[in-house]
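Quick note: numbers below take in every heavy atom, side chains included, and nothing from hydrogens, waters or symmetry partners.
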Amino acid sequence: MSDINYTRARPSRASVATEFTVMLLLATLVLLLVTHLPGEVFHPGSKSFIFAVGLIGVWRYSWWFVQAIRSVWYNRRMFPRLRAQADAVGATETPDALYILCTSFRIDTGVTFAVYDALIRDAADYGVPTTLFAAIADRSDVDIIDQVMDEHGWPDNISVRYMFQKGDGKRSAMAEVLRAISRCMPTHRSLLVSMDGDIRIEPGTLARSLSFFLAKEDLGAITTNNNAVVIGNDATKEWYDLRYAQRHLVMSSTSVSERLLVLTGRYSAFRADLATQPEFIELVENDHVEHWRFGNFKFLSGDDKSTWFWLLKHRWKMLYLPDVTVTGFEELPDRRRFFKSTLDLMRRWFGNMLRTNGRAIALGPRRMGFYTWWSLVDQRLSMWTTLIGPCIAVLLTLFVRPSFIFAYLLWILMTRGITSLVLAWQRGRWSALWVPMLYYNQLSGAILKTYVSFRFNRQKWSRQGISAGEPEDPSAARRQRLGGHLIHTLYFGALIFVLAVFGGIMAPADRLSLAAMVGTQPEATDHGASHDNRWLALTLADAPQDGSVQLPAGHFRIDAGFNDQVASLDKIRGASLQGYGDPDDPTTLQVAGDLAPQLTADGTTLAEAGRFQCDEQRPCRLRVGGQEVRLTKLSLVLGEAHEKTQLLARNSQ
């Protein structure tokens with residue numbers, strides 16, 4: 001890592017060779033799917049698959065495109081006016097004082113030097129009286145910052161104060177600094193910048209970002225665009241850049257309402273008099289939640305969610321500045337394990353989101369505007385709706401037709417390809433790696449969100465190696481974990497059950513199934529009773545190829561709806577139907593007149609004969625779904641004839 005010049009390093013990108021290889025693989029996969037997609041995918045039986053995957057997809061992507069359109073409106077129409085106003089005011093006015101809170105924990109010395117070198121240079125150029133609070137963990141950081149100040153000649157407008165962290169997380173360090181700032185008696189025109197110790201700002205960042213507070217008296221906080229210098233492989237580089245591209249779109253969209261969904265801890269600015277209010281400091285230091293199952297537990301990370309919630313609660317406006325970009329030095333917790341590291345990071349981020357999401361939704365749409373409120377609600381809905389497509393695709397692939405998986409893969413490539421192009425349009429660059437990574441982020445993110453939502457008291461900060469949230473008693477912690485597993489299983493099982501019924505994989509129990517469950521024979525069908533079309537068609541479809549279906553004793557009814565049921569299935573495999581074969585307890589199939597022409601015996605139709613006795617020597621034939629089914633050991637009765645027989649029997653009694 002010593003060969004990296006952190007002071008001048010540019011945002012990381014995947015190599016040309018990697019991009020070309022991925023593009024070639026994606027093009028090959030699309031070509032194979034299009035040319036070899038089985039025709040049966042578009043069979044009428046596919047309607048449940050198309051409805052579930054397509055309709056849910058239309059709903060999800062229509063909401064996403066609303067965000068994309070709002071993002072374009074903000075960047076092309078709304079923000080340029082805001083920028084012009086801010087620049088005009090910033091040319092003649094400056095804040096009374098500037099306070100900078102920079103927190104770092106065991107960061108590479110080269111990164112620390114680059115961060116403070118850029119920060120002190122920009123603060124000196126800005127010229128506003130600035131107090132820099134360095135919340136550090138090692139004594140070596142003091143030497144580095146002093147060296148930077150020496151190289152810049154100890155600017156007259158900058159003073160540096162050091163605060164050593166306790167090692168229990170970022171929150172306590174921030175609270176200590178905020179209390180120190182409060183003793184400086186900041187005014188409404190005093191500003192605070194809160195940033196991480198691995199963020200390098202570009203020249204002019206302070207002037208271009210802080211001028212918005214001077215132009216808008218009701219603005220409580222701002223945050224900026226992000227880039228990344230990534231230490232890792234090409235997949236890691238594009239994973240970070242994709243997340244920043246998605247962040248840019250969502251931040252721009254919510255800024256139309258002058259609200260945000262988070263104030264990123266990498267670089268955000270606040271009015272200092274707001275950030276030093278006792279309630280604000282208390283929330284940063286001791287933010288907690290009272291939960292019916294987890295009890296009262298403190299938040300470990302997620303300070304950016306706490307500051308955001310306080311401003312949202314008190315109706316302060318927030319803005320995203322797309323034309324001010326800061327650069328972060330990013331590295332996965334374990335560079336050799338891409339999937340584990342990215343999942344660990346997402347689990348922490350989603351945990352922070354879910355721990356604050358519920359109470360923010362409870363504020364209601366009147367306090368924050370409907371769009372912002374619905375965006376918060378959608379965070380809860382999307383983790384389940386995202387799972388509908390892959391779940392029903394897997395179910396139908398396993399239990400109906402294997403070809404469904406090919407259609408689903410084509411759907412993924414098409415939708416994620418279009419999504420990546422929209423992101424590229426706004427980000428200014430495109431990567432072929434974004435296409436598979438979009439699906440990876442969405443699917444793994446949805447799974448993680450549902451997992452964390454039942455266990456969001458469990459917290460871990462990988463860099464500092466600390467965890468919190470669970471009871472100290474091991475038995476109580478095990479009970480909590482078991483409860484989370486059980487509730488999660490119940491919810492996910494309910495989702496799978498609904499999808500299985502909706503997709504036609506499972507059907508409501510008919511009277512034959514109910515009779516089998518209770519161990520009795522099904523009752524005879526009375527006039528006006530339900531038909532047996534559906535279960536009989538499913539039985540023929542589920543039978544072994546060219547196999548025989550054994551019917552129990554009893555009376556059953558079918559009509560022309562039987563043709564529709566067969567048509568809705570892939571195909572019927574059974575070649576014959578056999579009755580119970582007991583003269584004292586026979587199997588009778590009552591056939592409505594509209595289906596009777598399809599049943600024949602010795603060249604005569606049931607419509608003509610009115611009744612058939614089907615046996616091995618004189619079998620009956622049923623033409624349905626383009627094939628012939630052989631019927632033996634049962635009686636066929638035309639619907640009207642059977643009803644007359646029943647009427648005569650009742651009269652004779």
Side-chain angles (χ1 to χ4, degrees), residues 1-4 6 9 11-14 102-112 114-115 135-138 140-141 165-174 195-200 226-247 262 264-267 299-305 326-355 433 436-437 440-449 451-452 455-470:
M1 259 71 76
S2 58
D3 60 336
I4 298 178
Y6 294 105
S12 303
R13 302 288 184 264
C102 187
T103 56
S104 57
F105 188 85
R106 296 176 183 173
I107 294 175
D108 186 276
T109 55
V111 172
T112 300
V115 167
I136 55 179
D138 298 314
S140 60
D141 291 340
Q165 299 183 37
K166 299 176 183 178
D168 59 351
K170 183 180 174 182
R171 287 178 175 272
S172 61
M174 291 181 64
M195 58 184 287
D196 289 339
D198 56 357
I199 297 297
R200 186 191 68 198
N226 286 173
N227 273 326
V229 173
V230 179
I231 301 171
N233 56 30
D234 286 348
T236 304
K237 294 173 183 176
E238 293 302 339
W239 184 76
Y240 273 105
D241 202 55
L242 173 60
R243 291 199 64 83
Y244 288 152
Q246 293 176 295
R247 175 184 180 274
V262 67
T264 310
R266 290 178 174 85
Y267 181 98
F299 295 169
L300 177 60
S301 58
D303 54 274
D304 50 356
K305 280 290 188 179
V326 299
T327 301
F329 298 98
E330 306 285 4
E331 183 178 8
L332 294 177
D334 186 346
R335 280 183 287 154
R336 297 169 298 179
R337 306 174 70 181
F338 172 81
F339 293 107
K340 181 182 184 303
S341 294
T342 54
L343 292 175
D344 285 345
L345 288 174
M346 286 192 285
R347 181 161 50 193
R348 177 163 64 87
W349 297 335
F350 296 148
N352 294 334
M353 179 266 287
L354 289 167
R355 280 185 281 273
L433 284 163
M437 282 185 177
Y440 166 68
N441 283 348
Q442 290 168 347
L443 182 58
S444 61
I447 294 172
L448 278 174
K449 286 175 187 176
Y451 179 87
V452 172
R455 306 164 181 85
F456 62 70
N457 63 317
R458 296 168 60 181
Q459 305 167 70
K460 184 177 181 181
W461 204 328
S462 54
R463 174 175 287 179
Q464 299 198 17
I466 52 179
S467 58
E470 291 193 293

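Of the possible donor and acceptor atoms, one in the side chain of Ser341 sits under 3.5 Å from a partner among the backbone N and O of Asp334. A donor-acceptor distance shorter than 3.5 angstrom exists from the side chain of Asp108 to the backbone of Gly110, with no hydrogens or angles considered. A distance-only check finds no donor-acceptor pair linking the side chain of Arg335 to the backbone of Glu331 [under 3.5 Å]. Side chain of Asn233 to main chain of Ala235: a donor-acceptor pair is present (N/O by atom type, distance under 3.5 Å, no hydrogens or angles). The main-chain N or O of Ala228 is never found under 3.5 Å from a side-chain atom of Glu330 such that the two would form a donor-acceptor pair. Of the possible polar contacts, one joining the Ser12 side chain to the Val230 backbone as a donor-acceptor pair under 3.5 Å is found.
One finds the CD1 atom of Ile136 at 12.0 Å from the CZ atom of Phe105 (value rounded to the nearest 0.5 Å). To the nearest 0.5 Å, the span separating CG on Asp304 from CH2 on Trp349 amounts to 11.0 Å. Annotation: the span from Ser104 atom OG to Asp196 atom CG amounts to 9.0 Å, rounded to 0.5 Å. For the atom pair Arg247 CZ and Thr264 OG1, the distance stands at 3.5 Å (nearest 0.5 Å). Note: Lys170 NZ to Thr103 OG1 = 4.0 Å, rounded to the nearest 0.5 Å. With rounding to the nearest 0.5 Å, the separation of CG in Leu354 from CG in Asn352 is 9.5 Å.
Of all the heavy atoms in Cys102 and Val115, the pair that sits closest is SG-CG1, 4.5 Å. In terms of heavy atoms, Ser444 sits closest to Met346 at OG-CE, 3.4 Å. Closest heavy-atom contact between Leu433 and Ala14: CD1-CB, 4.0 Å.
Side-chain contact between Phe338 and Thr236 is present, with at least one heavy-atom pair separated by less than 4.5 Å. Two residues are said to be in side-chain contact when any heavy atoms from C-beta on lie closer than 4.5 Å; Trp239 and Leu345 meet this criterion. Contact of the Arg347 side chain with the Arg455 side chain is not registered, since no non-hydrogen atoms from C-beta on lie closer than 4.5 Å. At least one side-chain heavy atom of Phe299 sits under 4.5 Å from a side-chain heavy atom of Arg171. Side chains of Arg243 and Asn226 form no contact here, defined as non-hydrogen atoms less than 4.5 Å apart. Counting only heavy atoms from C-beta outward, the side chains of Arg355 and Lys305 never approach each other to under 4.5 Å. Residues Tyr6 and Asp198 fail the side-chain proximity criterion, which asks for heavy atoms closer than 4.5 Å.
Proximity of the aromatic rings of Phe339 and Tyr440 is defined here by a centroid distance below 6.0 angstrom, and this criterion is met.
Across Thr327, Asn227, Val326, Val111, a single residue satisfies side-chain contact (heavy atoms from CB on, under 4.5 Å) together with Arg200, and that is Thr327.
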Verdict with supporting geometry, Glu238 and Asp241, side-chain contact (heavy atoms from CB on, under 4.5 Å)
CA-CA 5 Å; Glu238 293 302 339; Asp241 202 55; 4.1 Å; yes
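Taking the charged nitrogens against the carboxylate oxygens, Asp344 and Arg348 have no contact shorter than 4.0 Å, which rules out a salt bridge.
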